[in-house]
**Q** 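Please see the structure below; I have some questions.
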2 protein chains.
Amino acid sequence: MAQVRSSKITIQDDYWTTYRKLVRETVLPYQWEALNDRVPGAEPSYAINNFNVAAGLKEGEFGGFVFQDTDLYKWLEGVAYALIEAPDASLERWAEEAIDLIALAQRPDGYLNTYFTVKEPEGRWTNLTDCHELYCAGHLIEAGVAYYEATGRRKLLDVCCRFADYIDRTFGVEEGKLRGYDGHQEIELALVKLYRVTENEAYLRLSRYFLDERGRSPNFFAEEWERRGRVSHWPGNHARPNPEYHQAHLPVREQRVATGHAVRAVYMYAAMADVARETEDASLASACRTLWANMTRKQMYVTGAIGSTHHGEAFTFDYDLPNDTAYAETCASIGLVFFASRMLRLEARGEYADAMERALYNTIVGSMALDGKHYFYVNPLEVWPEACERNPGKRHVKPVRQPWFGCSCCPPNVARLLGSLDRYIYTSTEDTVYVHLFIGSEASFEVGGGRVTLRQTASLPRSGDVRFVVSPEAPGRRFALALRVPSWCGRDAALRVNGSAVAYEARDGYAVVERAWQDGDTVEWTLATPVLLLEARPDVRANAGKAALQRGPLVYCFEEADNGAPVSALSIREGAVWTPRYDPDLLGGVVVLEGDGFRDAAEDWDDEPYRPFRRAVRPAALRAVPYAVWGNRGVGEMAVWLRVAASPRA
Amino acid sequence: MAQVRSSKITIQDDYWTTYRKLVRETVLPYQWEALNDRVPGAEPSYAINNFNVAAGLKEGEFGGFVFQDTDLYKWLEGVAYALIEAPDASLERWAEEAIDLIALAQRPDGYLNTYFTVKEPEGRWTNLTDCHELYCAGHLIEAGVAYYEATGRRKLLDVCCRFADYIDRTFGVEEGKLRGYDGHQEIELALVKLYRVTENEAYLRLSRYFLDERGRSPNFFAEEWERRGRVSHWPGNHARPNPEYHQAHLPVREQRVATGHAVRAVYMYAAMADVARETEDASLASACRTLWANMTRKQMYVTGAIGSTHHGEAFTFDYDLPNDTAYAETCASIGLVFFASRMLRLEARGEYADAMERALYNTIVGSMALDGKHYFYVNPLEVWPEACERNPGKRHVKPVRQPWFGCSCCPPNVARLLGSLDRYIYTSTEDTVYVHLFIGSEASFEVGGGRVTLRQTASLPRSGDVRFVVSPEAPGRRFALALRVPSWCGRDAALRVNGSAVAYEARDGYAVVERAWQDGDTVEWTLATPVLLLEARPDVRANAGKAALQRGPLVYCFEEADNGAPVSALSIREGAVWTPRYDPDLLGGVVVLEGDGFRDAAEDWDDEPYRPFRRAVRPAALRAVPYAVWGNRGVGEMAVWLRVAASPRA
């Protein structure tokens with residue numbers, strides 16, 4: 001019954017190959033060590049140990065968070081993507097070892113969760129609000145599907161199906177079933193994947209059930225809390241569950257504003273888009289559009305980050321985007337990519353891909369150190385390292401990437417996203433191939449009634465020259481190639497087919513060229529990469545009077561390493577020309593931006609804190625580096641947004 | 001033995017009489033109602049009820065915080081000051097009623113604390129870290145001393161002495177005594193007051209003991225915590241006490257940087273200055289100077305507020321002065337005034353009075369609504385009301401003053417400070433009368449070998465014209481009059497004696513004129529009140545590129561009510577002329593400042609969050625009002641610091 005994915009996409013791209021190689025050769029092996037608690041100086045994971053104990057192979061206690069299993073599942077999913085790309089004997093051996101262990105830990109009825117098996121065997125499904133059982137199941141399923149796609153081997157997929165079948169017997173509106181849903185969304189999107197690979201419609205129905213049920217009145221979490229005796233899994237927390245935090249304050253179709261825990265939110269929106277597409281549910285699709293618009297137009301940082309507060313790792317409200325106390329969790333931007341890619345499958349609109357690219361090239365890539373072994377959980381847009389240590393309101397912000405986290409959701413999530421990057425580049429319909437991301441790759445599609453191979457070469461983020469070679473299996477296939485016109489090119493995008501300029505139809509953010517394609521047809525898509533000085537709308541209080549630099553998909557920042565401290569003393573000269581310069585020796589080779597600005601003079605101050613305004617400024621040559629590589633040169637200040645100042649009058 | 005204070009000072013001043021009348025006629029009666037839990041809609045105080053229960057007059061439970069008694073003590077101290085000013089039958093009757101109740105609640109051994117009497121009779125002195133027993137005792141003593149000074153009646157003073165004697169028997173380095181000190185400093189400064197009024201040196205020695213003992217190694221709080229079994233008074237807090245929070249991380253003479261809970265800190269520094277003076281302790285005086293310099297030059301807001309974070313209501317570190325997440329507690333600025341006034345008694349230096357005046361005219365006055373019935377606990381320098389509600393990192397900031405607080409330390413603290421304002425205006429030595437504050441008043445001093453009456457008339461904050469009439473009991477007394485040269489006059493201060501300009505010696509921030517004074521000599525002290533545009537040093541990241549307005553002692557702010565929202569979209573035009581204009585109808589009559597600026601244009605934005613920088617600004621007429629009266633016109637945005645922008649080039 002199950003099908004291996006029909007279109008294989010191979011990435012061959014200078015920029016991304018570096019990161020994907022890092023994932024394959026460094027990140028995944030490093031994380032395997034971390035999962036086995038063998039990284040000196042890092043917080044322990046406990047993940048593998050928990051499975052050993054649950055499987056009865058070891059004596060011991062459960063360690064880590066109630067959702068610790070997912071670190072292993074996400075790693076395994078990342079390994080699956082690496083194996084799809086190319087064989088790797090070590091990764092495969094470790095994966096098989098992990099899968100054997102997971103299968104041993106599954107209970108005879110299909111249930112699988114090391115926390116409840118080891119620590120609270122009687123507690124299954126009694127605290128969906130806090131305990132992430134279905135969330136863990138979802139990550140297991142994502143791993144199982146990916147590993148099946150990678151290897152064709154069913155062992156882990158069968159574990160997933162047994163568990164999903166058990167969940168299906170347990171949850172639902174029918175008499176005798178538990179009418180609830182998880183505190184952390186994830187199972188919903190995973191079940192759609194399982195449905196697609198197994199074609200078992202029960203899984204799609206179950207996903208839809210979880211979405212339909214969520215936010216109904218009376219609130220399930222409140223009722224469950226009463227049944228539990230008003231206690232929480234988290235010690236010291238006696239508060240009634242906050243439905244907004246879990247996006248359970250309203251039925252999902254009635255939600256208009258992105259609220260609550262940001263990762264929970266975007267995972268749910270992604271599932272809503274999936275189910276809307278699979279079931280042709282217009283009201284669900286409409287809710288997705290509304291939530292997308294609110295999130296990306298009113299609650300998204302210029303780096304594609306979301307989640308303005310560390311309290312609940314959550315959205316706050318429209319235009320509240322503080323740079324220095326931002327949460328901007330890596331996983332939330334990954335979830336934004338999930339949501340965007342599903343919206344693109346629902347309807348190709350450039351704005352989805354624009355935001356997806358923004359999150360990918362800035363927050364997500366930036367969350368990982370150039371060594372592949374250190375990570376940001378929080379991705380601030382402004383850092384004063386001393387404040388991170390000594391102002392408790394900024395303690396969640398780290399000025400340098402960390403080797404691992406007690407709650408280590410982000411590192412393996414980056415690995416699985418980068419490993420599956422090929423899946424975000426294109427979508428296709430019967431008559432159109434859409435190119436959303438400009439990443440060198442080879443792909444084939446069923447389009448225009450036959451199979452077509454497309455070879456993309458690209459040089460982002462360094463330059464905007466993109467080229468395609470089209471190879472239909474049978475010559476003369478008629479179909480459209482729809483190339484995204486990214487917002488950063490300033491509409492300066494030229495299309496040539498076989499060397500000749502061609503007019504194109506602009507449609508929803510894409511340049512659409514339809515023709516009968518011959519084997520070897522070449523398409524040149526030349527995107528300008530001007531240095532953009534961006535401003536935020538005045539509603540964003542935090543960025544008043546400030547500007548940020550962007551070139552191509554990369555947002556830039558100013559680091560102490562290049563510009564001295566305090567970075568807040570710098571301002572950009574209004575009207576300055578910013579010159580991109582490729583520096584092969586800096587941070588693995590990056591395009592830096594150089595331009596004129598000012599530095600508030602500090603040398604003529606005595607020790608007074610305040611004095612009559614003089615605006616003593618000195619000209620300063622400023623240098624910006626891509627935000628994605630900040631914090632790779634030791635501890636220092638950083639800011640994405642700088643003040644813009646006119647030249648002082650002579 | 002005890003002496004009523006020898007110099008009586010009467011305030012007659014347009015500006016301050018309004019506030020003092022408010023305290024007498026509204027604040028103290030209102031707070032009496034609050035203490036009796038009779039204010040509808042306000043959080044209950046429980047204070048009077050607790051004394052009734054402790055005295056055995058009522059059955060019931062203890063309510064409120066462990067330090068709830070101090071609300072009554074501080075109120076009583078405020079009443080005492082009001083009675084010193086003028087008789088008031090109601091206030092006196094309530095005070096006597098309260099004193100009778102307090103006396104009944106005292107235990108036979110002298111101990112007095114309703115929490116421990118009612119709730120934990122076996123728990124006395126077992127948790128000095130958390131439980132504020134000596135802090136409460138200190139406030140009792142301050143009230144007892146003030147009430148004795150007001151009325152000459154000893155009942156409450158005797159209660160205080162009995163308690164102080166018991167404390168003296170309990171604490172000390174001697175064998176068998178408890179060698180500890182309180183988690184919240186206050187007893188130290190109170191005992192100096194009790195010593196001064198009773199002349200019993202044991203109280204001074206006890207105060208000094210508490211200071212000398214603090215911060216020694218091994219740490220008392222850590223040891224006490226171990227003895228208690230590692231528990232805290234505060235539920236859910238299992239952390240080892242943080243000595244920095246309590247200023248017990250180092251012996252007090254070795255402390256160099258203001259750290260920890262801001263109110264604790266300044267109360268302790270005030271006591272250190274007292275003891276340094278009374279015992280002529282040079283090392284203690286030196287520590288005071290160092291801490292003063294750190295606090296006022298590196299950790300003080302332009303409004304005279306201190307305490308940058310609500311986490312622990314604490315100092316953070318040098319130059320960390322965020323405007324929107326500030327704690328800036330009212331009580332901390334009151335404590336700053338205590339510290340400053342004691343430093344002035346130690347040595348007359350204008351900088352102490354400058355900071356004292358800054359705190360007084362801005363944060364302290366501003367903490368109370370014009371109706372006298374609403375208060376700020378937190379005094380932010382920038383407010384976006386929606387963020388206070390919806391960004392949890394700003395939940396401690398209230399955009400409007402509150403009717404009362406569960407922890408209601410600030411309102412009665414304001415009442416007692418304003419009530420005793422006369423004590424902060426002058427100090428005198430054998431040969432010099434120092435005028436620190438320009439507040440209309442009549443005072444008499446022993447100076448130059450005899451008694452001299454000084455009548456001050458002043459018109460601050462509206463104008464800087466100050467006048468003195470000197471009346472020595474015997475003509476021709478030779479002494480110096482030292483008039484503070486406030487930092488805000490820009491050294492534009494003219495002195496005339498009997499109509500003729502007189503040169504003066506500038507000494508440590510004072511204009512000193514020494515002569516043989518005749519009865520009726522007049523001194524005119526004419527201080528310029530230019531509108532000052534202030535900048536903060538570049539180390540203060542939060543104020544980069546911004547300026548604040550000040551005129552005379554008043555710092556100004558920009559409110560949404562005058563300027564629209566968002567306030568962050570406003571900027572001050574560089575070089576703009578700011579015109580003061582007295583508006584008798586606004587906020588009880590204030591001088592507003594009007595000048596030119598810009599507003600970032602919002603009307604040409606679509607719904608995109610970011611776009612290429614255009615700097616579309618419109619000229620805007622800006623209006624600033626005194627910070628002290630902000631938030632009296634409903635909920636709205638406010639900012640003290642605004643960007644400064646050059647005019648756009650044509």
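Please read these numbers as outputs of a predicted model, since none were measured by experiment. Quick note on labels: first sequence line is chain A, next is B, and so on, each numbered from 1. Hydrogens, waters and symmetry mates play no part in the numbers below; they use all other heavy atoms, side chains included.
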**Q** Please identify, among B:Phe317, B:Phe315, B:Tyr319, the residue contributing the most non-hydrogen atom pairs under 4.5 Å to chain A.
**A** B:Phe317

**Q** Counting C-beta onward and ignoring hydrogens, is there a side-chain heavy-atom pair between B:Pro322 and A:Asn391 closer than 4.5 Å?
**A** yes

**Q** Minimum heavy-atom separation for A:Ser568 and B:Ala544, please, with both atom names.
**A** O-CB, 3.2 Å

**Q** Hey, which of A:Leu532, A:Val644, A:Ile572, A:Leu534 is the one that makes side chain to side chain contact (heavy atoms under 4.5 Å, CB included) with B:Phe613?
**A** A:Val644

**Q** Specify the closest pair of heavy atoms between B:Trp384 and A:Asp320, including all atoms of both residues, with the distance to one decimal.
**A** CZ3-OD1, 3.6 Å

**Q** If you count heavy atoms of other groups shown closer than 6.0 angstrom to NZ of B:Lys546, is the number above 12?
**A** yes

**Q** So what's closer than 4.5 Å to chain A heavy atoms on B:Leu570: side chain, backbone, both or neither?
**A** neither

**Q** For atom CD of A:Glu389, is the number of surrounding heavy atoms from other residues, nucleotides or ligands below 6.0 Å larger than 12?
**A** no

**Q** So what's closer than 4.5 Å to chain B heavy atoms on A:Glu386: side chain, backbone, both or neither?
**A** both

**Q** Any donor-acceptor pair under 3.5 Å linking the side chain of B:Tyr610 with the backbone of A:Val302?
**A** yes

**Q** Using a cut-off of under 4.5 Å for heavy-atom pairs, which of A:Ala548, A:Ser571, A:Pro235, A:Pro392 has the most such pairs with chain B?
**A** A:Pro392

**Q** Can you tell me which portion of B:Arg599 sits under 4.5 Å from chain A's heavy atoms? Options are side chain, backbone, both or neither.
**A** neither

**Q** For B:Thr296, which atoms come within 4.5 Å of any heavy atom of chain A: side chain, backbone, both, or neither?
**A** backbone

**Q** Examine whether an atom of B:Asp324 lies under 4.5 Å from a heavy atom of chain A, and if so say whether it belongs to the side chain, the backbone or both; otherwise answer neither.
**A** neither

**Q** Does A:Arg390 use its side chain to pair, donor to acceptor, with the backbone of B:Asp318 at less than 3.5 Å?
**A** no

**Q** Minimum heavy-atom separation for A:Arg615 to B:Glu535, with atom names?
**A** N-OE1, 3.4 Å

**Q** Please check if the side chain of A:Arg537 supplies one atom and the backbone of B:Asp606 the other of a donor-acceptor pair under 3.5 Å.
**A** yes

**Q** Can you confirm whether A:Glu637 sits close enough to B:Arg541 that some side-chain heavy atom of one is under 4.5 Å from a side-chain heavy atom of the other?
**A** yes

**Q** Write down the atom of B:Asp600, the atom of A:Gly545, and the distance for their closest heavy-atom approach.
**A** OD2-N, 4.2 Å

**Q** Is B:Ala645 in contact with chain A via its backbone, its side chain, both, or neither, using a 4.5 Å heavy-atom distance?
**A** neither

**Q** Testing the basics here: between B:Ala646 and A:Ala646, what is the closest heavy-atom pair and its distance to 0.1 Å?
**A** CB-CB, 4.1 Å

**Q** Can you name the closest pair of heavy atoms from B:Ala601 and A:Pro538 and give their distance?
**A** O-CG, 3.6 Å

**Q** Please classify the contact of B:Arg643 with chain A as side chain, backbone, both or neither, using a heavy-atom distance under 4.5 Å.
**A** side chain

**Q** Quick one: OG1 on A:Thr325 to NZ on B:Lys394, what's the gap to the nearest 0.5 Å?
**A** 6.5 Å

